[in-house]
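The analysis underlying the following values was restricted to heavy atoms, covering all of them including side chains, and did not include hydrogens, waters or symmetry mates.
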Amino acid sequence: MSFLYPRIVTIKRGNTEKDFGMQEYSGMDPANERVIVKNVRASIQNKQTRGSPDGGVPSDSYTRTGWSIFIRLQDRKLITERDVIVDDVGKRYLVTAGYWNSFGYNCSAELLEA
């Protein structure tokens, strides 16, 4: 266990196939996500946010819960907005913004409700 990065996360990405015409809801369904990278060391920290999500879709949480997720530089992978980070206790976070710096990846995320 790492003192600075005590958590283990998996990064997933939703299916990007586009169909036309009437389709079933294809939003944040864990069954339609593919693993980008797994067993990555991370630090997950709560941060203050206010307000409720604007989307109004079934996968929205009831209130906004802000999180900062830090991934060490050695585990650099292609992570982008709208990716899902799943932690070692099963919580799911939606990446809303992020960037690489000299220490690793820093992203803002919102907790997704089941």
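- Taking CZ of F70 as the reference point, atom CZ of F103 lies at 11.5 Å (rounded to 0.5 Å).
- A distance of 12.5 Å separates OH in Y5 from CD1 in I44, rounded to the nearest 0.5 Å.
- Salt bridge annotation for E110-R92: absent, with no cationic side-chain nitrogen under 4.0 angstrom from a carboxylate oxygen.
- Contact detail for E81 and G98: the closest heavy-atom pair is OE2-N, 3.3 Å.
- Residues I79 and I71 have side chains in contact (heavy-atom distance under 4.5 Å, counting atoms from C-beta outward).
- By the criterion of side-chain heavy atoms lying less than 4.5 angstrom apart, applied directly or through intervening Ile, Leu, Val, Met, Phe, Trp or Tyr residues, W100 is grouped together with I69 in one hydrophobic cluster.
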- request: Tell me, with the steps shown, if R13 and T80 meet side chain to side chain contact (heavy atoms under 4.5 Å, CB included).
  value: CA-CA 9 Å; R13 186 165 296 151; T80 187; 3.6 Å; yes

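- Once rounded to the nearest 0.5 Å, the distance linking SG of C107 with CD1 of I11 reads 8.5 Å.
- The list of salt bridge (Lys or Arg N to Asp or Glu O under 4.0 Å) pairs with a residue in residues 2-12, not counting sequence neighbours, reads R7-D87, R7-D88.
- Counting all heavy atoms, side chain and backbone alike, K47 lies closest to S68 at CD-OG, 3.5 Å.
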task: Show the numbers, then the answer: is there a side chain to side chain contact (heavy atoms under 4.5 Å, CB included) between K91 and L111?
output: CA-CA 7 Å; K91 291 184 179 179; L111 182 65; 4.0 Å; yes

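- Residues satisfying the side-chain hydrogen bond (donor to acceptor under 3.5 Å, both in side chains) test with S43, not counting sequence neighbours, are Q45.
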message: Is there a side chain to side chain contact (heavy atoms under 4.5 Å, CB included) between V40 and I8? Walk through the geometry before answering.
response: CA-CA 5 Å; V40 175; I8 302 292; over 6 Å; no

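- When the ring-ring contact (aromatic ring centres under 6.0 Å, His included) test is applied to Y93, the partners found at least two apart in sequence or on another chain are W67.
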